[in-house]
There are 2 protein chains.
Amino acid sequence: MLLPLTKPAPRADGMEGCPVHALRKRLRTARLRPTRQRVALGWLLFGKGHRHVTAEMLFDEAKSVRSPVSMATIYNTLHQFTRAGFLREIAVEGAKAYFDTNPLPHSHFLIEETGALLDIPANALPAFHAPKAPEGYEIDRVELVIRVRRARRGRQ
Amino acid sequence: MLLPLTKPAPRADGMEGCPVHALRKRLRTARLRPTRQRVALGWLLFGKGHRHVTAEMLFDEAKSVRSPVSMATIYNTLHQFTRAGFLREIAVEGAKAYFDTNPLPHSHFLIEETGALLDIPANALPAFHAPKAPEGYEIDRVELVIRVRRARRGRQ
DNA sequence: TTACGTGCAAATAATTTGCAGTCCC
DNA sequence: GGGACTGCAAATTATTTGCACGTAA
């Protein structure tokens with residue numbers, strides 16, 4: 001939001017600039033018909049650097065650019081994009097689900113006052129060794145969220 | 001649940017055995033009147049090793065031991081206990097909130113198939129250095145959840 | 001043409017709230 | 001006795017579903 005901490009990383013998925021035709025192709029590859037709604041949402045999601053969005057944020061954004069889409073379609077699309085590997089769903093607190101346009105494994109700061117998410121730059125987080133999974137289980141993914149709050153009196 | 005991975009750690013909060021009078025005292029210290037409902041829920045929560053419960057689990061348990069408590073009271077009590085430092089709320093996926101009777105910082109395995117939480121034994125997780133918080137912010141807490149799933153064909 | 005998509009409205013799920021009545025100090 | 005607490009039911013919030021209609025291939 002206000003913090004310069006996360007200069008949008010260059011996209012690792014070959015969708016830079018994301019001209020509409022590339023997006024349509026990408027949708028087709030995922031066996032998703034490039035409908036007006038999906039293209040509009042894809043454009044909003046992937047058109048400008050990585051983002052963390054909620055269904056509601058995307059709904060409002062679509063409306064504000066005159067491509068209104070129903071909530072049902074927002075949810076359908078977010079889940080289809082997630083299944084296709086374009087997005088990653090992030091479980092934070094509360095009922096609200098976040099979707100991250102960077103599907104690669106990485107960690108987040110959660111600003112407690114606003115509920116905003118911030119990528120933690122890979123170089124800011126020393127690698128750590130995940131523990132062995134319990135007997136009979138295997139690790140699917142590691143979710144690290146560091147909850148931060150405004151420091152009192154500007155220190156820290 | 002079935003896994004021997006987490007032998008309930010000895011309680012660090014002086015509530016071993018948790019005789020009712022100690023619980024009542026503890027509630028009073030937190031400026032919570034030791035009502036029938038709060039004592040019953042405290043007994044269920046703290047009476048036997050550490051646990052990860054949802055509001056619904058606690059509701060059902062209270063009913064099953066013939067101390068039925070309304071959902072509103074379950075939620076009130078869980079939040080009051082959390083504010084008092086007896087519990088820690090854990091944000092996992094989905095709308096459902098978990099409350100951990102171990103309020104000290106520690107991490108969890110999430111069994112994806114069942115949604116069950118498992119403490120990660122401190123010695124199984126090498127310490128790692130948290131990154132510096134963004135400018136103007138300070139770290140409140142670190143939440144690490146390692147999502148695991150059944151390994152295919154018994155291997156790991 | 002026709003299977004896939006979309007939008008609406010109603011349904012769910014988890015949680016919160018308002019308030020009349022109850023109980024602890 | 002009086003304020004803190006509880007229970008009920010209705011309200012909220014986030015999300016899902018069912019189904020008639022629309023639209024891309």
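A, B, ... follow the sequence lines: proteins, then strands. Residue 1 opens every chain.
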A.B. asks: On DNA chain C, check which nucleotide each of B/R33 and B/T54 is closest to and give me the residue with the more 5' one.
C.D. replies: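 The 5'-side residue here is B/T54.
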A.B. asks: Taking atom types as modelled, find out whether A/D100 and A/H106 have a side-chain donor-acceptor pair closer than 3.5 angstrom.
C.D. replies: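 There is such a pair between these side chains.
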A.B. asks: D/dA24 P sits how many Å from A/K25 NZ, rounded?
C.D. replies: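 A/K25 atom NZ is separated from D/dA24 atom P by 21 Å.
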A.B. asks: To the nearest Å, give me how far apart CD1 (B/I74) and C1' (C/dT15) are.
C.D. replies: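 Roughly 13 Å, once rounded to whole Å.
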A.B. asks: Could you check A/N76 against A/E56 and say which one's nearest nucleotide on DNA chain D is further toward the 5' end?
C.D. replies: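 The 5'-side residue here is A/E56.
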A.B. asks: Check every atom of C/dT6, D/dA14, D/dT6 against the side chain of A/T35 and return the nucleotide holding the closest atom.
C.D. replies: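 Between C/dT6, D/dA14, D/dT6, the one nearest the side chain of A/T35 would be C/dT6.
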A.B. asks: Can you find a pair of side-chain heavy atoms, one from A/L45 and one from A/F81, that are under 4.5 Å apart?
C.D. replies: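 In short, these two side chains touch, coming nearer than 4.5 Å.
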A.B. asks: Taking the minimum atom-to-atom distance to the side chain of B/Y75, which one of D/dA24, C/dG7, C/dA14 wins?
C.D. replies: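 Nearest to the side-chain atoms of B/Y75, counting from C-beta on, is C/dA14.
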A.B. asks: Taking atom C1' of D/dA25 as reference, at what distance in whole Å does atom CZ of A/R28 sit?
C.D. replies: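 Rounded to the whole Å, the gap is 9 Å.
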A.B. asks: Within 45 degrees of the ring normal and closer than 6.0 Å to the centroid, is that where the cationic atom of B/R149 sits relative to A/Y137?
C.D. replies: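 Geometry flag: not set, cation outside 6.0 Å or 45°.
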A.B. asks: Looking at the side chain of A/Q37, which of D/dA25, C/dG5, C/dG7 is the nearest nucleotide?
C.D. replies: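 Given the options D/dA25, C/dG5, C/dG7, the side chain of A/Q37 is closest to C/dG7.
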A.B. asks: Taking the side chain of A/T73 as its heavy atoms from C-beta onward, which of D/dA4, C/dG7, D/dA25 lies nearest to it?
C.D. replies: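 Of the candidates, C/dG7 comes closest.
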A.B. asks: Pick the closest DNA chain C nucleotide for A/V69 and for B/P34 by heavy atoms, then say which residue is nearer the 5' end.
C.D. replies: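 Result: A/V69.
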A.B. asks: Are B/V142 and B/P105 close enough that some pair of their side-chain heavy atoms sits under 4.5 Å apart?
C.D. replies: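 They are not in side-chain contact.
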A.B. asks: So, is B/H79 near the phosphate of C/dT15, with a side-chain N or O under 4.0 Å from OP1 or OP2?
C.D. replies: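 Answer is no, no contact under 4.0 Å.
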A.B. asks: How many whole angstroms separate atom CD of B/Q80 from atom P of C/dT15?
C.D. replies: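 Taking CD of B/Q80 and P of C/dT15, I get 16 Å after rounding.
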A.B. asks: Determine the sole option in B/H50, B/K48, B/H52, B/R88 for which the side chain to side chain donor-acceptor pair (under 3.5 Å) test with B/T101 is passed.
C.D. replies: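 Of the listed options, the one satisfying the test is B/H50.
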A.B. asks: Just compare C/dG5, C/dC8, C/dT15 and give me whichever is closest to any side-chain atom of A/S70.
C.D. replies: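 The answer is C/dC8, which lies nearest to the side chain.
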A.B. asks: Atom CZ of B/R24 and atom P of C/dC25: how far apart are they, to the nearest Å?
C.D. replies: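 Whole-Å distance recorded here is 6 Å.
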A.B. asks: With heavy atoms under 4.0 Å as the rule, sort A/A72 into base, sugar-phosphate or nothing.
C.D. replies: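 If one applies the 4.0 Å heavy-atom cut-off, A/A72 turns out to touch a base.
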A.B. asks: Just the rounded figure in Å: distance from P of D/dA4 to CG of B/L32.
C.D. replies: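 It works out to 12 Å between those atoms.
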A.B. asks: How many whole angstroms separate atom CG of A/L58 from atom C1' of D/dT15?
C.D. replies: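 To the nearest whole Å, that distance equals 15 Å.
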A.B. asks: Find the distance A/R83:CZ to C/dG5:P and express it as a whole number of Å.
C.D. replies: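 Atom-to-atom, A/R83 to C/dG5, this comes out as 10 Å.
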A.B. asks: Taking only the side-chain heavy atoms of A/R38 (C-beta and beyond), determine which of C/dG7, C/dT15, C/dG5 contains the nearest atom.
C.D. replies: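 The closest nucleotide is C/dG5.
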